[in-house]
Amino acid sequence: MIEPDDFLRAVEAALFVAEAPITPAELRLHVGERGDLPAALVTLADHYAGRGVNLVERGGRWHFQTASDLAHVLRREKDEPRKLSRAAMETLAIIAYHEPVSRAEIEAIRGVQVAKGTLDVLMESGWVRPAGRREVPGRPLIYATSVEFLSHFGLSSRRDLPGMDDLRAAGLLDPIDLALEGLGGQSVLENDDD
Amino acid sequence: MIEPDDFLRAVEAALFVAEAPITPAELRLHVGERGDLPAALVTLADHYAGRGVNLVERGGRWHFQTASDLAHVLRREKDEPRKLSRAAMETLAIIAYHEPVSRAEIEAIRGVQVAKGTLDVLMESGWVRPAGRREVPGRPLIYATSVEFLSHFGLSSRRDLPGMDDLRAAGLLDPIDLALEGLGGQSVLENDDD
Amino acid sequence: MNNGLGEDLFTLPAMPRPDMLTVSFDHWEGPLDLLLSLARTQKVDLREISILALTEQYLDFIDGAQQVKLELAADYLVMAAWLAYLKSSLLLPRQEQADPSPEEMALRLQLRLQRLHAMRDAAARLMARDRVGRDVFTRRKPEGLRLVRKALWRANLYDLIQAYGQIRARTQPVVHTIAKRPVMTLDEAIQRVSALVGTALDWTRLEAFLPPDLDSPRAKSALASSFVAALELARQGRLEIQQDGIFQPLYLRAATPQDAPGQIL
């Protein structure tokens with residue numbers, strides 16, 4: 001590598017600190033009148049050609065920019081594992097069991113309103129997709145699960161989802177208030193022990 | 001010149017666009033886990049060593065900056081950093097060479113009280129930070145310098161502070177009581193007898 | 001420390017001595033600062049400084065200062081008094097010296113001057129370094145590195161099924177069935193008490209008329225029903241009840257034939 005002379009170094013430094021693409025005339029204000037500026041710019045552009053940072057000329061102005069193939073480095077996407085909220089999980093379950101369903105239908109089954117963000121999260125996850133509109137007044141959007149949903153949950157089809165009888169057998173249909181009563185009684189006892 | 005590989009180019013580009021001096025760990029988030037990052041940083045620092053722009057390490061963080069001999073080319077009127085008062089400069093030096101150090105210790109060295117604004121100015125500049133409390137009666141706050149201090153003054157670490165080794169060897173960074181023990185308290189009178 | 005001295009320039013009376021400082025008084029940040037400046041006029045290494053000579057310099061300076069400006073900052077006068085004391089101590093015969101020895105006090109002063117000088121020097125060297133934004137420059141408008149965090153949603157099949165089960169359980173119509181509690185009815189109690197009281201010739205506690213399984217859930221119900229049954233049988237004149245006081249045990253016995261109905265106790 002040829003050692004850059006001081007004029008070349010000055011041009012390089014001036015280009016580096018410039019706030020915006022800079023014309024040779026503006027560069028002259030910094031690096032002075034002596035020195036072959038066009039030659040220096042070409043030499044520098046050559047030097048930086050194969051590197052991570054390139055010197056480019058756009059409409060008579062020069063600036064350093066990162067090589068275009070490295071955009072992914074500068075804007076890196078990072079996956080962050082996150083657990084679905086309870087509301088999202090319930091909404092997903094209703095869509096899976098009842099698809100295609102509208103938001104109003106989901107709310108009717110859940111007995112609770114569905115927040116806007118909940119469906120957004122499910123769509124972002126790729127497990128839920130819009131499946132057209134219901135041909136009723138208001139033409140509400142209807143939702144269904146996706147192929148990604150099946151593969152993520154290890155199902156070959158929606159028919160693999162356990163039916164109501166399976167759920168009951170697994171104790172998953174036990175009324176919640178009974179379970180709560182059990183908990184309540186327990187905590188009272190614990191308090192009495194104090 | 002050896003053609004830089006894509007990993008080196010990615011490191012170069014990331015350093016180029018970073019808004020502040022960047023740690024290798026932060027760089028890793030962008031350039032990925034593969035590739036010898038320490039080696040790449042050294043290669044790049046070597047490559048830029050004689051150029052108008054240099055790659056430097058300050059307190060474990062890396063950044064590009066212009067070569068110092070080109071200051072006259074690049075300096076602009078508004079670039080002059082705010083001038084520190086003499087009190088502020090001395091206080092900063094005492095913190096840097098003695099850190100962590102309490103206000104009372106600074107005052108003992110300077111022989112005058114530290115004005116309220118002096119430490120504020122140093123903290124506002126980002127060069128000085130509170131570093132906990134000294135576990136002595138009164139639990140005084142203690143101060144230390146920051147990584148911004150190192151990068152602003154072009155120091156790789158506190159070991160690079162000018163004259164650090166000489167001052168330490170001369171015992172000038174030790175408390176006076178400690179120094180007295182070392183000297184035995186005899187030399188003064190002999191000098192005065194001259 | 002130079003409070004009260006204002007912007008006035010104070011110069012020493014014209015005494016052109018080379019080791020004399022002739023600068024404004026508010027140039028100094030305090031007695032130590034002034035002492036260091038005076039010491040440096042001795043043009044020797046601070047380790048070689050003569051504290052006696054320095055004391056002379058300082059006291060001369062303060063003397064001169066006072067001729068012009070009486071309101072000298074107290075700190076400077078305190079230092080002057082301390083130095084005068086130190087000087088006289090240093091000149092005293094050794095055996096009359098106090099503790100700490102004047103030599104140690106002088107050495108301490110010397111060390112303080114060395115330390116202040118070292119830091120002043122270090123500050124100057126620090127400020128002279130190549131500083132970012134003054135001597136070296138970074139890019140003025142870096143694009144910045146961006147880390148876009150993309151959520152990778154996780155959920156498993158069990159959570160999904162369980163969620164569905166809970167919705168269904170929560171929204172099922174609730175059917176209330178009243179559990180049959182183990183109780184002794186009043187009729188049962190009347191039968192039992194009236195049968196037993198016939199065999200009891202003397203006062204007998206109410207509890208004796210209860211079924212034997214007293215620990216069972218029926219016990220409280222049996223006690224309450226038996227009490228009401230006793231009241232009813234007493235009203236019918238078939239037995240008598242006696243109690244010694246509130247919350248005392250209740251005693252029952254079969255009524256004697258001459259007792260009038262309804263007469264209790």
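Quick note on labels: first sequence line is chain A, next is B, and so on, each numbered from 1.
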Check whether B:His98 gets within reach of chain C through its side chain, its backbone, both or neither, counting any heavy atom under 4.5 Å. side chain
Cut-off 4.5 Å, heavy atoms of chain B, and the answer for C:Asp135 is both
Most heavy-atom pairs under 4.5 Å with chain B, out of C:Leu126, C:Thr138, C:Leu116, belong to C:Leu126
When you check the gap from the basic side-chain N to the acidic O, do B:Arg86 and C:Glu29 get nearer than 4.0 Å? yes
For the residue pair C:Met119 and B:Glu90, establish whether any side-chain heavy-atom pair is separated by less than 4.5 Å. no
Picking from C:Arg112, C:Arg120, C:Glu143, which has the most non-hydrogen pairs under 4.5 angstrom with chain B? C:Arg120
Region of B:Leu29 that comes under 4.5 Å of a non-hydrogen atom in chain C: both
For the residue pair C:Arg139 and B:Phe16, would you count it as a cation-pi contact if the rule is NZ or CZ under 6.0 angstrom from the ring centre and within 45 degrees of the ring axis? yes
Tell me, side chain or backbone of B:Asp166 under 4.5 Å from chain C's heavy atoms, or both, or neither? neither
Supply the atom-to-atom distance C:Arg125 CZ to B:Leu161 CG, rounded to the nearest 0.5 angstrom. 10.0 Å
CE (C:Met127) and CG (B:Leu84) are apart, to the nearest 0.5 Å, by 5.0 Å
Student check: side-chain heavy atoms of C:Arg129 and B:Leu155 closer than 4.5 Å: yes
Is it the case that over 12 heavy atoms from other parts of the model lie below 6.0 angstrom from the CZ atom of C:Arg40? no
Distance col, row C:Arg115:CZ vs B:Leu167:CG, nearest 0.5 angstrom, shows 10.0 Å
For the residue pair C:Leu145 and B:Ala14, what are the closest heavy atoms and their distance? CD1-O, 3.6 Å
Toward chain C, the part of B:Phe153 with a non-hydrogen atom under 4.5 Å: both
Inter-residue atom distance C:Leu107.CG - B:Ile176.CD1, 0.5 Å rounding: 8.5 Å
Region of B:Thr91 that comes under 4.5 Å of a non-hydrogen atom in chain C: neither
Determine the minimum heavy-atom distance between C:Ala123 and B:Met89, stating which atoms define it. CB-O, 3.6 Å
Under 4.5 Å heavy-atom distance to chain C, tell me which part of B:Ala87 shows up: side chain, backbone, both or neither. both
What part of B:Ala108 lies closer than 4.5 angstrom to a heavy atom of chain C: side chain, backbone, both or neither? backbone
Are the side chain of C:Arg131 and the backbone N or O of B:Gly154 linked by a donor-acceptor pair below 3.5 Å? no
Close side-chain approach of B:Asp177 and C:Arg108, heavy atoms under 4.5 Å: yes
Return the minimal non-hydrogen interatomic distance between C:Val136 and B:Ala67, and the atom names on each side. CG1-C, 4.3 Å
In terms of heavy-atom contacts, C:Leu32 and B:Gly111 come closest through CD2-CA, 3.8 Å
Do B:Leu172 and C:His117 make a side-chain contact, defined as non-hydrogen atoms from C-beta onward lying under 4.5 Å apart? no
Exercise: identify the closest heavy-atom pair between B:Ala179 and C:Leu111: CB-CD1, 4.0 Å
